[in-house]
Protein chains: 2
Amino acid sequence: MNTLVTVDLQRASRLLKLLGDPTRLTMMKLLKSHECCVCEFVAIFKMSQPAISQHLRKLRDIELVKEERRGQWVFFSINENHEDYPFIQSILEHLPEQNESIAELEAQGLRICCE
Amino acid sequence: MNTLVTVDLQRASRLLKLLGDPTRLTMMKLLKSHECCVCEFVAIFKMSQPAISQHLRKLRDIELVKEERRGQWVFFSINENHEDYPFIQSILEHLPEQNESIAELEAQGLRICCE
DNA sequence: CAAGCATATAATGATATGCTTATATACGCA
DNA sequence: TGCGTATATAAGCATATCATTATATGCTTG
C-alpha cells in the first residue's frame, strides 16, 4: 500500500504546466540547491531581464518560490513549505544537477554575494 | 548518494508540458491501471471525439502510450518501456486514483470489453 | 538630490495550443 | 456491397504563451 499524499489533478496539471517550460524547470532545479538573484538568471539563460522576471513571477504566483529583497538585489529561493513540495521535489530529483551554470557564473565573476 | 537515472532537462520539460494539461494527465493516470479505448475517453471526458483523438496522438507521438487496434476499437495503454518511464511513474503516483470514472462507465454499460 | 544599477510592469507581436466542425478512413456485419 | 460505428485527419478560430522593447520603480552612493 501507498501512503503518499496525492495532489488534486487540476492543481497537479497547473504545476506541471508551469514546470513544462525549460527555463522555469531549470530555474527550479537551480533554486533547489542555490539561492539566485534575478541578474544571475539573466546571465545564465542569456535571456532579456524582463523575460526572466516574468518567469519568476509565474513561479512566485503559485508560491513555488519565495523572493527576498537584499539591498539592490532580489533573491529567489525554493519554497519548501509549499503544500505540494513533496510532489515538486520528486520531479526535481530526476533532473541532472545544474552546477556547471553556477560554476560558470563564478568563473565570470558574476555570482552575487551579499553576506 | 542518489543513483536515480536523470532525465535531460529539455526532454523533461517536453514531457511535463504534455502532462501539464488536465485531460492528458488524467488519461495517463487512468491508463496506469486500465487499458482504455477512444470511445471510453470520449464518455469520461465529455469531450468531442476529435479532441480526445488529438490528445491521444500527442501522448503517442512521444511514445508515452501504445495503441492497439482490436476490431472496431483502438485501445490505448501505458508504455512501460518508455525511456523515461520511471520519471513518469513517479509523477503519476502522486495523483489520486481515478477509479470512479471507470466505475461510472461500467454503471452506464459503456465499458468496452473485447476479451 | 542626481546618476547608475537592479528589477518590475506594460504593451505588442509571433507562435503554440486546444477546441470546434467537416470529412476521410477502417472495420464488422447484414 | 453497402451501412453503421469507431477513429483519424484537416481546416479554422479563439485564446494562451513567451519573447521583445519601452518605460517605471526602487535602492545605493557620490
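Numbered from 1 within each chain, the chains take letters A, B, ... in sequence-line order. Please read these numbers as outputs of a predicted model, since none were measured by experiment. Reckoned from all heavy atoms, side chains included, excluding hydrogens, waters and symmetry mates.
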Strictly below 4.0 Å, N to O, side chains only: are Glu97(A) and Lys32(A) in salt-bridge contact?
no
Closest-nucleotide ordering on DNA chain D, the 5'-leading residue of Phe76(B) and Arg69(A):
Phe76(B)
Could you check how far CZ of Phe75(B) sits from P of dA6(D), rounded to whole Å?
11 Å
Leu56(B) CG to dT9(D) P: how many Å, rounded?
11 Å
Check whether any side-chain heavy atom of Ile52(A) lies under 4.5 Å from a side-chain heavy atom of Cys39(A), and answer yes or no.
no
Donor-acceptor pair, side chain of Ser53(B) and main chain of Gln49(B), under 3.5 angstrom
no
What pairs of nitrogen or oxygen atoms, one from the protein and one from nucleotides 28-30 of chain D, lie under 3.5 Å apart?
none

Whole-Å distance separating the CH2 atom of Trp73(B) from the P atom of dG28(C)
9 Å
Can you find a heavy atom in the side chain of Phe45(B) that is under 4.5 Å from one in the side chain of Thr26(B)?
yes
Looking at Arg57(A), does any N or O in its side chain come under 4.0 Å of the phosphate oxygens OP1/OP2 on dT9(C)?
yes
Lys/Arg N to Asp/Glu carboxylate O, Arg70(B) vs Glu35(B), below 4.0 Å:
yes
Can you tell me how far C1' of dC19(C) sits from CD1 of Ile52(B), to the nearest Å?
11 Å
Which of Asn79(A), Leu16(A), Leu15(A) passes side-chain contact (heavy atoms from CB on, under 4.5 Å) with Ile88(A)? Answer is Leu15(A)
Can you run down the salt bridge (Lys or Arg N to Asp or Glu O under 4.0 Å) pairs that involve residues 46-65 of chain A, sequence neighbours left out, and say none if there aren't any?
Arg60(A)-Glu67(A)
CD1 of Ile62(B) versus P of dT17(C): gap in Å, rounded?
12 Å
Less than 4.5 Å apart, side chain to side chain, heavy atoms only: is that true for Leu59(A) and Phe76(A)?
no
Any protein N or O atoms within reach of nucleotides 12-20 of chain D? Criterion: under 3.5 Å, listing atom names and distances.
| residue | atom | partner | partner atom | Å |
| --- | --- | --- | --- | --- |
| dT17(D) | OP1 | Lys17(A) | NZ | 2.9 |
| dC18(D) | OP1 | Asp21(A) | OD2 | 3.4 |
| dC18(D) | OP1 | Arg24(A) | NH2 | 3.3 |
| dC18(D) | OP2 | Arg24(A) | NH1 | 3.2 |
| dC18(D) | OP2 | Arg24(A) | NH2 | 3.4 |
| dC18(D) | OP2 | Lys58(A) | NZ | 2.9 |
| dA19(D) | OP2 | His55(A) | NE2 | 2.3 |
| dT20(D) | OP2 | Ser48(A) | OG | 2.6 |
| dT20(D) | O4 | Gln54(A) | NE2 | 3.3 |

